[in-house]
Every structure is written in C-alpha cells, then in structure tokens.
Amino acid sequence: MSCDQCREREAVIHLTQIVNEQVTTLHLCERCAAEKGVESPGSAVKTPLGSFLAAMGKGPEQTPSARSADTCHRCGATFQDFRESGRLGCPDCYRTFETPLRDLLRRLHGSTHHLGERYAEREASAEEAREKVADLREQLRLAVETENFELAAELRDRLKVME
Amino acid sequence: MIDLSLLADGGVGWLDASGPSSHLVLSTRIRLARNLASHVFQGRCSETAREEILQVVESAARESVLLRRATRYRIDRLDRMDRQLLHERHLVSKELAGLEGEGRVRSGASVLIQDRIGVMLNEEDHLRIQGLHSGFALDQTYAEVDRLDTELGQRLAFAFHPEFGYLTSCPTNVGTGLRASVLIHLPGLVLTKEISKVLQGLAQVGLTHRGLYGEGSEVVGMFFQLSNQTTLGSSEQELLDHLGKMVRQVMDYEEQARQVLLRDAPTVIEDKVWRAYGLLRYARSLSFDEAMNLLSGVRLGVGVGLITDVAMYTLNKLLIYSQPAHLAVAEGISPDDADLPLRRAQFVRKVLESEVGRRG
C-alpha cells in the first residue's frame, strides 16, 4: 500500500493513534514518517523489514558485499531488486542471496532455522534432489581443480545440508 | 453478478457467533503461504505462468478430499463490486481483490472455497491456504488448514529449503508461512485508554495488530486483528500457543477494563451504550464508519448485559451487511450512490426493530 502522505512510496510504518476515543491508523513511508518525527520503538518493531531495508540503503552498510551483487541465475533478480521491492524473485534467490538473507532473517525472526513441519518431498522432487547433488559435486570438483576454495567451502556446506 | 449462494452458508458461517468467547472474538483466521518449486515468485511471473499455476493447483484441488467440491471464483474476471463483496465477506485479501492503490487485479487471481477452508491463488505467494472460524478457535482452524496443506502438498511440489523451510516471496513469511489472526473487540481497553500499552506490550512479545480487514487496514469500531509477527524459528504449534496465550491475556485485560468502567463510571458507560443504540434505532443517515462505531457501542452494551434484547449474531450480521458493496447489492444501487447512508440507516433500523419485536 502507498504512503498516506506522499502517495508515492510504499508505506512501512503503520501508526495507530487514539484521540478522543477515535482510533485512526496512519500509513507512512520511511521518509514521511521521519519528517513527521514518527520513530517510536513500536513502529520499528512493527516493520522490521522496512527499517532493515532502509538501514541497508544508508550508512556503512551501503557498499554491497560481493555476494549481494550477484544475480540470481534462475530469475535474473539482483539483491538491489529485492531492496527496492521487498520481494524475492524465485525460490533459488534464497540460495543466491543466502548470506545477506541469513542476516535479514535473523533480524526479522530472531532465527534462520525452520523448526516447523518438514515438507515431505515427493518422488519426483527426490529425483530432482539427486540430480542437484550430482550437479553440486561436479561444481565442487571444478572449484577444487581451479583452486577456488571459497566457493568450494560453500558448495561443501550446501552438499552437507542436502545429503 | 456472482452468486454467493453457491457457498455453504454464503461464506459467512464464521459470523454465527457460535464459537468460543464469541462475545469478544469475532473470528479466527489462519493462512499458510506456499509456492510451487517449479515457478518463479509472483513478482516475476508472466500471465502464462500464472495460468499454469492455476491449472496445476486446481487439478490438485479436484483430486483432494477437502477441496473436491470447492466453489471457484476467478477474481480477475469479476467487476469491482463483486470483488469488493468477496473482500467484505473476509473471503479474499484486499491485495487479491485488487482493491489496493490503483485497483489493478493480477491476472489469474482466483479463490477456491469449500466450507471453512480454501486457497487464494496468485496472491503475493502462489498459494495462500486459509481457514476461517467463528470465535476464538486457533486449534480447530489450524487442524483443518494443516490437513488441506498435507493433501495439496502430496500432489504439488512446494518450494522448501532444508534450513529456511517453506520459501515465500517476502522473507517476512518464510519458514512455516503461518499467519494466525484473531479478530477481537476491545472497547473496554480503548475507553480506559489502556489499549496503547497493551498493543505496545504485544509488539514486544512478537505479535502485531491490524484493522478489521487485515494487512494495511484501518482500525474501525474498536476491532483489532492480533497476529504473530514472526514465522521462522518456532514450530507451528509454538506460534499458535504463544498467540493463544497472549490473546487470552488480552481478553482478561478487556474483561477487567469493562468491570472498572462499570464500577467507576457506570452512568458514562450506560449513556454511551444507549446513545449508540438510540442512534442505530432511529438515525436516518449513517456512514459506514459511524455505523461501525455505534455497533461497537451496542456490542459492548450486549457484552456487559446492559442490552438484553439484541443477539451477538445480529450485530455480526449488521457489521457485514452494512458495508458498502453488501448494502449496494442488497439495495440494487451503486456503492458510490449518494443514497447509500440513507439506505444503511433504513436497513439497520429494520433489522433492530424486527429483532426487538421477535425477542420482546
């Protein structure tokens, strides 16, 4: 939804006020909220994604790490796209942007580990998983051969999770 | 014009005030966000991809037990009034109904509904499996939604990550994909001015609040939707238990606030309640917001036993049927018609009159 004030940017702060028993809710974007002086700790808690994304757009975190500059091989989304829209492009983006996302998930949810129900993969997807493992092994072999140890370490971690 | 009579109880079974604690809690809603592993997320989907998603999920639904007889609405092929009608009935989100901002509907936007459960398709995520119950009923609602999730999950390949869980278009929903909301009426806390403290407290324990229609909606008539903020790092049951525990606490606070009001300011409360009732019985023109606020006052009156001849169910019905699209459809006029406030007042008068006649 768009900001009540400028009607342009996405509203990330939802301020509920009670004046004379009338409850009103104001939806503001980060900039208009700052202009209005709305920076209560409550609003920050309510919109952790918005404030996180805003925080990433300024200050020392501005220089994107090499990792976050990557483009998702499957859907073509960049981390900048995610920063602007707040939406990821496809399931594979979670692997492509794993490092910055892990940081974000920790801030949003206080954890990165799913503890809920595990999805019982179907026969077909088990087959896909086997293919993926074979593919990762091949990539790992190449990475070791070309002495790209950083990539190799990551591939090894991913294989460990899958196997 | 869509035919809502195709739905069992017209899709408003959740209004019947039969559920637990229904004098305070109108309804309990739970949704699970799911995406197909085979397709990119909504923001990058082509029209063709959305049609494919629709076909794949609909065929899985036809093979399922829980959605075999589902009624299906192609939201993208409905006119604005019908879309608004479904939204006012709390059957589809504002986003899916294309009622946000410029009012564009995403191609392929659809909903399948069978009894108290259903699936929104081509919402922010490919699937939003949802369940809606009357009153405070987290466990029953989740049991049904979980069964549907299992059934569909056997026929579809969902995007799932070993560490992050179910993958969603927005990282705020990742993990369980579960959002549980309880729609609760809190006039006691608003009138005693305790509500801000309570809402702040809830934010500190990871819960969030919204208005009558969920995400991005205004708080009207002192109705609040309380729901979990986080979806990752706790199991479904832990999320539900935590929300349930906090809602029970809020209900206790609300009951206490009502007792304080009745003890310390009985005449003020009586005056407020009866004024609201009087206006609803006799006013000749009512805006939607005014009607909501007055219904809220009467609801408080019924809750504390000051008004005895109006049923909660009647108030719930008035809440739904005095909304713009519902009223316009019933009266056969446009939702922008200048006569709407007059028709609303007339409708409310008629319902309350017959209620008192029947009971008295």
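- Per-residue counts of heavy-atom pairs under 4.5 Å with chain B were compared for A:Gly89, A:Ser111, A:Cys75; the largest is that of A:Gly89.
- Closest approach of A:Arg95 and B:Pro162 over heavy atoms only: NH2-CD, 4.4 Å.
- No donor-acceptor distance shorter than 3.5 angstrom exists from the side chain of A:Glu117 to the backbone of B:Glu236, with no hydrogens or angles considered.
- Contact between A:Asp81 and B:Arg44 at its shortest, heavy atoms only, is OD2-NH2, 3.0 Å.
- Remark: the backbone N or O of B:Gly43 is not paired with any side-chain donor or acceptor of A:Arg87 at under 3.5 angstrom.
- Within a 6.0 Å radius of CD in A:Glu145, more than 12 heavy atoms belonging to other residues, nucleotides or ligands are found.
- Separating the OH atom in A:Tyr119 from the CZ atom in B:Arg34 is a distance of 9.5 Å, to the nearest 0.5 Å.
- Of the two parts of A:Asp92, neither the backbone nor the side chain holds a non-hydrogen atom closer than 4.5 Å to a non-hydrogen atom of chain B.
- Side-chain contact between A:Pro91 and B:Phe41 is present, with at least one heavy-atom pair separated by less than 4.5 Å.
- In this structure the side chain of B:Thr231 reaches within 4.5 angstrom of the side chain of A:His109, judged on heavy atoms.
- Comparing B:Gly175, B:Pro187, B:Ser169 by heavy-atom pairs within less than 4.5 Å of chain A, the highest count is held by B:Ser169.
- At a 4.5 Å heavy-atom cutoff, the contact between B:Ser38 and chain A is made by backbone atoms alone.
- The choice from B:Thr176, B:Thr150, B:Asp149 that makes the most heavy-atom pairs within less than 4.5 Å of chain A is B:Thr176.
- Using a 4.5 Å cut-off between heavy atoms, B:Asp289 makes no contact with chain A at all.
- Note: B:Tyr166 and A:His114 have perpendicular aromatic rings, judged against thresholds of 30 and 60 degrees for the angle between ring planes.
- Here the shortest heavy-atom pairing between A:Leu108 and B:Thr230 reads O-CG2, 3.5 Å.
- In this structure, B:Pro171 and A:Phe82 have side chains that are in contact, with non-hydrogen atoms separated by less than 4.5 Å.
- Contact record, A:His113 with B:Leu232: C-CD1, 3.9 Å, taken as the closest heavy-atom pair.
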Apply side-chain contact (heavy atoms from CB on, under 4.5 Å) to residues B:Phe164 and A:Glu98 and explain how you reach the verdict. CA-CA 10 Å; B:Phe164 302 149; A:Glu98 196 168 316; 4.1 Å; yes
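- For A:Arg141, the CZ atom counts as densely surrounded, since its 6.0 Å shell holds more than 12 non-hydrogen atoms of other residues, nucleotides or ligands.
- Across B:Ser234, B:Cys45, B:Ala159, B:Gly177, the residue that shares the most heavy-atom pairs under 4.5 angstrom with chain A is B:Ser234.
- Shown here is B:Arg147, whose CZ atom has no more than 12 heavy atoms of other residues, nucleotides or ligands within 6.0 Å.
- Here the side chains of B:Val174 and A:Leu105 are in contact, with some heavy-atom distance below 4.5 Å.
- More than 12 heavy atoms of other shown residues, nucleotides or ligands fall within 6.0 angstrom of atom OH in B:Tyr142.
- Crowding of B:Glu238 atom CD: a count of heavy atoms from other residues, nucleotides or ligands under 6.0 Å exceeding 12.
- In terms of non-hydrogen atom pairs under 4.5 Å with chain B, the most contact-rich of A:Gly110, A:Ala77, A:Gly76 is A:Ala77.
- Between the OH atom of A:Tyr94 and the CD atom of B:Glu163 there is a distance of 12.0 Å, given to the nearest 0.5 Å.
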